[in-house]
Amino acid sequence: MTFEIDRRNLLQMLGLAAVSGSVLSHASFAFAQDSDSVTIGWPSDVPSWDPNLRFNPDAQPIFKLVFDQPLDQSPDLKLIPNLITKWELKPHGLSMPFEIRDDVKFHNGDPMTMEDFQYTFIDRVKSGLKLDIANSWRTLTEIEVLSPTSGVMKFSAPTPTAPQWLAFLGSYVVPKKYVESVGAEEFAKKPIGSGPYKLVDYQMNSRIVLERNDDYFGEKPKIKQVTIDIIKDPSARTAAIQSGQVDITVNLPVRETERLGKTEGLTSEINPFTRIIILQMRNDKGFEDKAVRLAAHHAIDKAALSKAFYGGAAVPLSVPATPGTPGFVEDYKFPYDPELAKKLLADAGYTADKPATFTLAATNGQFPSDFDIARALVQMWQKVGLKVELQQIEYSKYFELNRGGQLPEATLYSFDNATGDPEIFAGYLMNPKMPFGAWKGQEIGDKILQLFTEPVYEKRVKGYQDLAKEIVDTGANIPLLQSVQTVVRKKNLNYVKYGNAWVLGKTMSWS
């Protein structure tokens with residue numbers, strides 16, 4: 001039996017304290033700003049200034065200001081030319097001829113050439129550096145140079161998502177001559193890209209200051225200076241936007257977002273986008289028993305979570321893909337059924353005296369209401385007889401634990417997919433050979449490896465849809481909600497809204 005409750009009742013039921021909006025309601029608001037600059041309040045720092053080193057979704061809007069990717073995405077997520085002007089993935093998926101621009105310069109004045117492409121995607125990986133692009137470009141064996149501006153990417157196996165990866169995580173072209181002259185470590189300290197902004201000041205976990213690159217080959221940004229204040233705590237970001245310390249910020253709790261949107265001089269948005277809020281599951285320890293995993297899923301009232309914490313804007317999910325993307329399965333629904341959850345546990349031999357136990361890890365403030373959701377989950381699970389310990393982790397610690405196979409049985413996480421392609425949802429999330437998910441079951445992994453090399457688009461998408469249902473039916477992953485991004489900004493600050501929630505300083509202007 002299902003039930004509906006509003007946010008106030010859910011918080012009372014769970015014993016959670018609602019954040020009062022009155023504390024800041026009378027704070028003075030600063031309207032004045034330099035029309036040539038903007039300050040962004042951002043939840044996290046870059047993992048490194050080497051953009052090929054580590055995949056971190058929330059760093060992409062920062063990297064994209066300093067570096068360029070071969071391809072880009074339009075606000076509606078279509079692939080568009082950037083450093084690469086033309087490309088053609090062959091039907092067999094084993095090669096892709098492409099052409100590049102001849103008018104691109106790095107920030108030190110050096111021209112970008114095919115050598116920089118070769119260095120970024122081939123030489124750096126082969127040199128032994130532990131770069132995350134070694135995973136995304138594992139099938140790339142050669143870039144055959146045909147002319148100063150044309151070449152062919154060659155793959156050891158069909159690579160149907162090569163174009164998507166040219167616009168996704170870690171695929172930023174770096175300057176060969178500069179990196180080799182100063183070394184990888186110094187490059188990470190004093191990065192040079194070809195992007196619309198240059199890095200002029202950096203204080204780790206505090207502040208990033210960028211100045212417009214007036215020699216940029218593309219459209220010149222209207223804002224000359226972009227300052228990014230790293231403010232990890234959502235309450236502090238709330239205070240920063242209300243006081244006028246920052247001009248725009250993201251990922252505030254929905255309640256605060258709605259309140260600030262009614263404040264004079266501010267406006268707010270709650271935007272669903274191509275991320276999924278999920279529970280990453282292990283296949284061992286307290287989750288070795290499939291019955292426990294499925295009971296944990298049946299016990300979750302996703303509609304109540306969306307209504308309580310996102311004003312109903314976050315779409316409940318049954319598969320790890322967002323509505324409107326190719327991997328979404330429209331007619332598949334995993335039911336909320338706490339009585340079935342209790343029965344599964346009882347049939348598996350668990351009792352009140354011998355309950356199933358596990359640990360849930362969650363960040364606090366990385367995405368809107370993340371830790372509140374985690375506490376709500378613990379309460380829902382307790383109602384069906386699951387005993388759960390809640391553990392708070394830092395966003396940066398999550399990556400370290402995940403790579404080391406040290407995450408607990410369940411981890412609340414918001415998984416990014418700026419492209420919308422199903423490979424980067426289910427494929428990368430559930431592949432045990434990659435550092436993105438906690439599930440290490442090889443049966444699902446083998447099916448994913450086959451799909452990775454399927455060149456026929458329709459067959460590949462159908463395979464991922466079938467796989468998505470299998471993932472959920474076996475309890476290998478628990479999709480919860482489509483992520484929403486909350487944005488609060490000064491009313492006269494304009495920016496371009498992207499379907500993947502990029503908030504790019506290069507698109508901003510004052511009216």
Side-chain angles (χ1 to χ4, degrees), residues 42-72 82-83 106-108 112 115-140 143 162 164-195 197-199 202-206 208 210 228 230 232 366 394-406 413 415-419 424 428-429 431 433-437 502:
W42 202 249
S44 56
D45 202 351
V46 296
S48 163
W49 276 107
D50 185 334
N52 306 147
L53 184 65
R54 290 288 174 264
F55 289 165
N56 182 323
D58 288 344
Q60 303 315 301
I62 301 175
F63 282 150
K64 288 183 73 65
L65 301 184
V66 178
F67 304 94
D68 274 305
Q69 295 180 290
L71 297 179
D72 207 345
N82 195 36
L83 298 179
F106 292 107
H107 296 155
N108 63 352
M112 183 205 73
E115 284 192 357
D116 300 301
F117 269 77
Q118 174 81 19
Y119 179 72
T120 298
F121 296 105
I122 299 290
D123 298 345
R124 294 198 86 198
V125 173
K126 288 185 176 179
S127 71
L129 287 172
K130 295 187 180 299
L131 305 170
D132 277 0
I133 59 167
N135 284 311
S136 54
W137 294 103
R138 66 200 174 281
T139 62
L140 180 61
I143 296 180
Q164 284 81 0
W165 271 104
L166 288 173
F168 198 41
L169 295 170
S171 294
Y172 296 90
V173 176
V174 300
K176 175 183 178 181
K177 182 179 177 181
Y178 176 73
V179 179
E180 288 186 334
S181 65
V182 301
E185 187 174 333
E186 190 65 20
F187 169 62
K189 293 178 182 177
K190 297 180 180 179
I192 286 177
S194 62
Y197 287 91
K198 303 177 182 180
L199 179 67
Y202 175 56
Q203 301 169 35
M204 183 180 291
N205 289 319
S206 178
I208 299 166
L210 306 169
I228 301 168
I230 307 302
K232 296 183 178 181
Q366 186 56 36
E394 288 287 329
Y395 185 56
S396 57
K397 187 68 173 178
Y398 160 82
F399 293 99
E400 177 185 331
L401 294 172
N402 198 6
R403 291 173 188 281
Q406 298 301 312
Y413 186 62
F415 192 80
D416 179 63
N417 182 359
T419 74
I424 300 165
Y428 276 76
L429 183 61
N431 188 335
K433 296 185 180 298
M434 291 187 165
F436 302 109
W502 284 341

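Values reported hereafter were calculated over all heavy atoms of this structure, with side chains retained and with hydrogens, waters and symmetry mates removed. For clarity, every value in this text was computed on a predicted model and none was experimentally measured.
Within the structure, salt bridge (charged side-chain N to carboxylate O under 4.0 Å, His left out) contacts touching residues 119-131 (residues at least two apart or in different chains) are Asp50-Arg124.
In this structure, the separation between CG on Leu210 and OH on Tyr202 is 11.5 Å, given to the nearest 0.5 Å. To the nearest 0.5 angstrom, Ser171 atom OG is 9.0 Å from Gln60 atom CD. Separating the OG atom in Ser206 from the CD1 atom in Ile228 is a distance of 12.0 Å, to the nearest 0.5 Å. For the atom pair CH2 of Trp137 and CG of Asn52, the computed distance is 11.5 Å after rounding to the nearest 0.5 Å. Between atom CG of residue Asp45 and atom NZ of residue Lys232 there is a gap of 7.5 Å, rounded to the nearest 0.5 Å. Atom-to-atom distance recorded for Gln203:CD and Ile208:CD1 is 10.0 Å, nearest 0.5 angstrom.
In this structure, Tyr413 and Phe399 have perpendicular ring planes: the angle between them is above 60°, well past the 30° mark.
The minimum heavy-atom distance between Ala418 and Trp502, with the atom names listed, is CB-CZ2, 4.2 Å. The minimum heavy-atom distance between Ile230 and Ser44, with the atom names listed, is CD1-O, 3.5 Å. Pairing each heavy atom of Ile133 with each of Thr120, the nearest pair is CD1-O, 3.3 Å. Between Ala188 and Pro191, the closest heavy-atom pair is O-CD, 4.1 Å. For Tyr398 against Phe436, the heavy-atom pair with the smallest separation is OH-O, 3.7 Å.
Qualifying ring pair (Phe, Tyr, Trp, His ring centres under 6.0 Å) partners for Tyr197, counting only residues two or more places apart in sequence or in other chains: none. Residues that satisfy the side chain to side chain contact (heavy atoms under 4.5 Å, CB included) test with Ile192, not counting sequence neighbours, are Phe106, His107, Asn108, Pro175, Tyr178.
By the 6.0 Å contact criterion, CD on Glu394 is open, its count of non-hydrogen atoms from other residues, nucleotides or ligands being 12 or less.
Between Tyr172 and Leu83 the shortest side-chain heavy-atom distance does not fall below 4.5 Å. Inter-residue side-chain proximity for Phe415 and Pro57 is flagged as unmet; no heavy-atom pair is nearer than 4.5 Å. Phe168 has its side chain within reach of Asp416: a pair of non-hydrogen atoms, C-beta onward, lies under 4.5 Å apart. Taking 4.5 Å as the limit, some side-chain heavy atom of Met434 sits within range of a side-chain heavy atom of Arg138. Side-chain contact between Val182 and Lys189 is absent, with no heavy atoms from C-beta onward closer than 4.5 Å. Put simply, the side chain of Trp42 reaches to within 4.5 Å of the side chain of Pro61, judged on heavy atoms. Leu169 is not listed as a side-chain neighbour of Asp132, based on a closest heavy-atom distance of 4.5 Å or more. In this structure the side chain of Val46 never reaches within 4.5 angstrom of the side chain of Asn56, judged on heavy atoms.
At a cut-off of 3.5 Å, with distance as the only test, a side-chain donor of Asp58 or Gln366 sits close to an acceptor on the other residue.
For Trp165 and Phe55, the gap between ring centers is short of 6.0 Å.
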Trace of the salt bridge (Lys or Arg N to Asp or Glu O under 4.0 Å) decision for Asp116 with Lys176: CA-CA 5 Å; Asp116 300 301; Lys176 175 183 178 181; over 6 Å; no
